[in-house]
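Computed from a predicted model, the values in this text were never measured in an experiment. Throughout, a chain's letter reflects where its sequence line sits, starting with A, and its residues are numbered from 1.
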Protein chains: 2
Amino acid sequence: MKYSQATDYALHAMLHLVTAVPNKPVGVQLLAEKLGVSQTYLSKMMTKLVKAGLIQSAPGANGGYRLRRKQEEISFLDIIHAIEGTASLFECSVNHGSECLIQQVVVDAERQMEQYLENKKIADLAKLMKTE
Amino acid sequence: MKYSQATDYALHAMLHLVTAVPNKPVGVQLLAEKLGVSQTYLSKMMTKLVKAGLIQSAPGANGGYRLRRKQEEISFLDIIHAIEGTASLFECSVNHGSECLIQQVVVDAERQMEQYLENKKIADLAKLMKTE
DNA sequence: CCATTAACGACTTTATGTATCCATAATAAC
DNA sequence: GTTATTATGGATACATAAAGTCGTTAATGG
Ligand code: SF4
Ligand code: SF4
């Protein structure tokens, strides 16, 4: 049970977009170089972020990606969900109904984590970003 | 990002042990039948639970598994950790030190979930267990 | 000794994640 | 319009982990 490395890349890519010059798109070429991953692979994650409505893409010369919403409106959970999907991390095969305690406990636990991640916005990251 | 099905099996196996007759071991044969999984596969998870100190095993005739601690002292987190391991669900490759916010946020989020799971004991499950 | 039952290791199969290459489409700049 | 630039999509290869099986060993009660 671990977050995929794709999530790691996506978080770092967003981190770079946050600190980029506003309204100036950043190409996947530059991002891939900084993260140490191939362009085509990273572009797949970027596409997921686009489809999730977090960033905006522009093809053509001087194109690239830029944030779609404000920094204060993009949470960690948004990014993670965009990459990992929104499926629950526990799904039993049988499902005896909603009165089941096992399911209830694990799903509630997951919600605890998600609430925490939802309240953390990437705007908080923009403050540092001197080391990276 | 999902819990393995092994965790599902382990939780249900523990659920059966909780409601079993005290001090009377339950064999893997019976458990596997109820869960709809092969004996050998389930026994691997049971062994993990034994090594984690959650249950006790007894070989030989009339052997099997029984709880090692009290019901009130076995949490969901204990079971999940025994099966899934205790590794953090986010580990970056570079690791720029402890001041990194990305790591901090995700790890803290995980801790939120774990605290919730730690406070939920399997004794709570013993109350129902009429449908299953 | 003998039947029973857990524990262990080797193995196969399947699924998922990781990653690359190539073709295509869309846009901006000229 | 032409061309260079950039994102998107599909096909493919590879690695890793999960899911499950099989055979053997070891310990215990009768
Ligand atoms: S007891 Fe709960 S978790 Fe288990 S099979 Fe039934 S509904 Fe699913
Ligand atoms: S910024 Fe944080 S998460 Fe990213 S590589 Fe550095 S230490 Fe790891």
Nearest-nucleotide 5' precedence on DNA chain C, V37(A) against N62(A): V37(A)

Length of the CD1-P vector between I83(B) and dA18(D), whole Å: 12 Å

Contact under 4.0 Å: Y9(B) side-chain N or O vs dG20(D) OP1/OP2: yes

G60(A) or E84(A), whichever maps to the more 5' nucleotide of DNA chain C: E84(A)

Partner of M46(B) by side chain to side chain contact (heavy atoms under 4.5 Å, CB included), out of L17(B), L54(B), V26(B): L17(B)

Phosphate-side-chain proximity, S38(B) and dT21(D), N/O vs OP1/OP2 below 4.0 Å: yes

Nucleotide range of DNA chain C lying under 4.0 Å from chain A heavy atoms: dT18(C) to dA29(C)

K24(A) NZ - dT6(D) P separation (whole Å): 10 Å

Residue whose nearest DNA chain D nucleotide is more 5′ - Q39(A) or A61(A): A61(A)

T40(B), nearest nucleotide to its side chain (from dA18(D), dT8(D), dT21(D)): dT21(D)

Gap between atoms NZ and P, on K44(A) and dT6(D) respectively (whole Å): 19 Å

Electrostatic pair K120(B)-D108(A), nearest N-O below 4.0 angstrom: no

Value in whole Å for how far the C1' atom of dT6(D) lies from CD of Q56(A): 15 Å

Nucleotide dA19(D), atom C1' - distance to CE of M45(B) in whole Å: 8 Å

K2(A) NZ to dA18(D) C1', straight-line distance once rounded to whole Å: 15 Å

Any donor-acceptor N/O pair, S38(B) side chain to Y41(B) backbone, under 3.5 Å: yes

Distance in Å, Q39(B) CD paired with Q29(B) CD, rounded so as to fall on 0.5 Å steps: 5.0 Å

Short side-chain N/O contact to dC14(D) OP1/OP2 from Y41(A), under 4.0 Å: no

Separation of atom NZ in K48(A) from atom P in dG9(D), rounded to whole Å: 12 Å

Worked verdict on S75(B) versus E118(B) for side-chain hydrogen bond (donor to acceptor under 3.5 Å, both in side chains): CA-CA 5 Å; S75(B) 70; E118(B) 197 170 13; 5.8 Å; no

Sugar-phosphate, base or nothing in reach of S57(A), heavy atoms under 4.0 Å: sugar-phosphate

Over 12 non-hydrogen atoms of neighbours within 6.0 angstrom of CD in E73(B): yes

E84(A) side-chain N/O to S4(A) backbone N/O, donor-acceptor pair under 3.5 Å: yes

Spacing between Q5(A) atom CD and dC14(D) atom C1', to the nearest angstrom: 15 Å

